[in-house]
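Worth knowing before you read on, the calculation uses all heavy atoms, side chains too, and leaves out hydrogens, waters and symmetry mates.
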Amino acid sequence: MFHFTNQALRIKFIFIPLASLLCLVILLSISNNAHSQNKQSPPSSQELEELSKSAFERINQRRAEVGLPAFKFNKNLQASAAAHANYIVTNNSLGLEMHNETAGKDGFTGIVPSDRMKRAGYVTNGTAENIAMTNYPDGALSTDNLIAAPFHRQAEFSSYVEAGDAMRVQQASPGSMNNFDYVYVINFGNPGASDVQKNIIMYPAPDQKSAPIDWIVNEVPSPWSQMDGKRVGYPISIGVGPLATLTVQSFSLIVVNGNGIPVEGKLVTSEGGKIMKNFAFWIPLNPLEFDTVYQARVIGTINGKAIDQKWQFTTLANIPLALTSSSTSLPAEPGSSVKVLISGGTNNEYKIDEIAQSWSSKGALNKKDVDFLKVAHPKPDTAVIYRGETPCSGDFSACTVRVSGSDSSGKKVSINLSVK
């Protein structure tokens, strides 16, 4: 039985609330590095179900890309996943207990995942559980974050044949992009003992295009503790079925048509001090290059038989980081909106992370006088800016909204929108 968690996936920024302003200077320009969120209501059970459904669909999409069959949805596994998600948000326990529960606490259904699955009516010889938390209502994001984290990738690309998942929410900490954190739990199982994974599973997959170039080390347990929180290359993995034993003698990565010098990085073959018998991965020390063909090579054995496995993949194209908006101005009608998208860059950790209002004024001001907008963040790459009730007229002029974003490399980009 193996467990995974990823509690470090919260994406948030620090903001400064709009303070009361007293300004008696004519035409003084004032700017704040913050935005006002819409007062969001907790998502409905139907909305949470749709989010978990999109996460499940993304898993099967990724499995198809590496030649694995889709997970079959199992209601009992869904029930056990939902029970643990409820326990986490009820007790705010993700950072403390992760996959475990404590008897006597509200919502307790079992100390470890296999106990909870059994209580939900699912009996199996092997189980796994993955957990992710994001600050965005985006189910596919949870899955992609889990696949990027190599220990968690084991279960996503495993030989388990069934799975069930659930999404729940808890109040986000002050300063978060959205009002709620989304806790995602997925349970995996196999009703039999057959080894349905006959092939060697490599990821990025052979001949894959637009492979990611980097990853922020944020996994629990950590595969490279010295690099926690730092930007490295995207992890490359090889795996076999649970009835096979993989031994890796060397794992290398080179640029095709390059100088032949192996990329510097770290080979990981154990988790928490225990050797992984059917999985290994390589983490490049530095981000990979854009639009480059790489060759991974693994020399070792499977069930004692020698292998020399080579495969190639191509990283994503070098597209400049950019912000685009559905309009260059925010209309005067209250409730009207402009959608802003960020794209390009490293395609990792990119996000719209600052909305700043600015204006010129005559006379005294306070918060309600300058609250021109509200903002929603349905995804890290998306901001929807809604027009507030306050008109930019009379004592106000030159009202603008500055939208800024960044990616994992630290590159920044911004655009200005006029406020009518």
Side-chain angles (χ1 to χ4, degrees), residues 10-19 21 23 27-38 40 134-138 141 172 174-179 212-214 216 229 231 287 290 316-332 335-361 365 367 369-388 390-392 396-420:
R10 174 181 294 174
I11 307 170
K12 67 179 186 177
F13 76 105
I14 304 300
F15 72 96
I16 305 170
L18 280 168
L21 302 172
C23 175
L27 297 179
L28 176 66
S29 179
I30 303 170
S31 177
N32 72 85
N33 295 326
H35 68 264
S36 300
Q37 294 177 352
N38 285 334
Q40 304 160 341
T134 76
N135 189 234
Y136 297 92
D138 184 354
L141 175 66
S176 298
M177 298 295 285
N178 290 300
N179 292 347
I213 67 166
D214 62 352
I216 305 297
R231 181 180 179 231
F290 286 107
L316 58 88
N318 188 3
I319 301 174
L321 189 67
L323 283 166
T324 57
S325 61
S326 58
S327 175
T328 58
S329 62
L330 195 58
S336 59
S337 65
V338 172
K339 180 183 287 187
V340 181
L341 301 175
I342 189 169
S343 60
T346 64
N347 201 32
N348 178 28
E349 293 286 315
Y350 65 60
K351 55 186 179 292
I352 295 172
D353 49 20
E354 183 179 79
I355 311 291
Q357 301 177 79
S358 64
W359 61 90
S360 297
S361 66
L365 304 178
K367 177 179 177 180
D369 291 330
V370 295
D371 196 8
F372 296 113
L373 56 88
K374 303 289 183 182
V375 180
H377 290 274
K379 296 182 179 181
D381 63 353
T382 305
V384 183
I385 304 173
Y386 295 90
R387 189 67 169 85
T390 304
C392 184
F396 302 99
S397 63
C399 302
T400 61
V401 178
R402 185 175 181 83
V403 183
S404 301
S406 61
D407 67 6
S408 56
S409 72
K411 291 182 179 179
K412 298 181 181 299
V413 64
S414 62
I415 59 172
N416 290 327
L417 307 175
S418 63
V419 179
K420 294 183 177 180

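Nearest heavy atoms, Ser337 versus Tyr386: CB-CD2, 3.7 Å. Of all non-hydrogen atoms in Cys399 and Trp359, the two that sit nearest each other are SG-CB, 4.0 Å. Glu349 and Ser408 make their closest contact through CB-CB, 3.6 Å (heavy atoms, listed as atom of the first residue, atom of the second, distance).
Here the side chain of Ser329 pairs no donor or acceptor atom with the backbone of Pro331 at under 3.5 angstrom. The main-chain N or O of Asn178 is found under 3.5 Å from a side-chain atom of Asn135 such that the two form a donor-acceptor pair. Looking at Ser326, its side chain does come within 3.5 Å of a backbone N or O of Lys339 through a donor-acceptor pair.
For the residue pair Thr400/Ser358, the side-chain donor-acceptor check at 3.5 Å is satisfied. No side-chain donor-acceptor contact under 3.5 Å links Arg387 and Ser336.
Put simply, CD on Gln357 and CD1 on Ile385 are 9.5 Å apart, with the number rounded to the nearest 0.5 Å. Between atom OG of residue Ser404 and atom CD1 of residue Ile352 there is a gap of 9.5 Å, rounded to the nearest 0.5 Å. Summarising the geometry, atom OG belonging to Ser406 is positioned 6.5 Å from atom CD1 belonging to Ile342; distances are rounded to the nearest 0.5 Å. Between the CD1 atom in Ile213 and the CG atom in Asn318 there is a gap of 8.0 Å [rounded to 0.5 Å]. With rounding to the nearest 0.5 angstrom, the CG atom of Asn348 is 4.5 Å from the CG atom of Asp214. Separating the CZ atom in Arg231 from the OG1 atom in Thr346 is a distance of 6.0 Å, to the nearest 0.5 Å.
The closest side-chain heavy-atom distance from Leu141 to Pro380 is below 4.5 Å.
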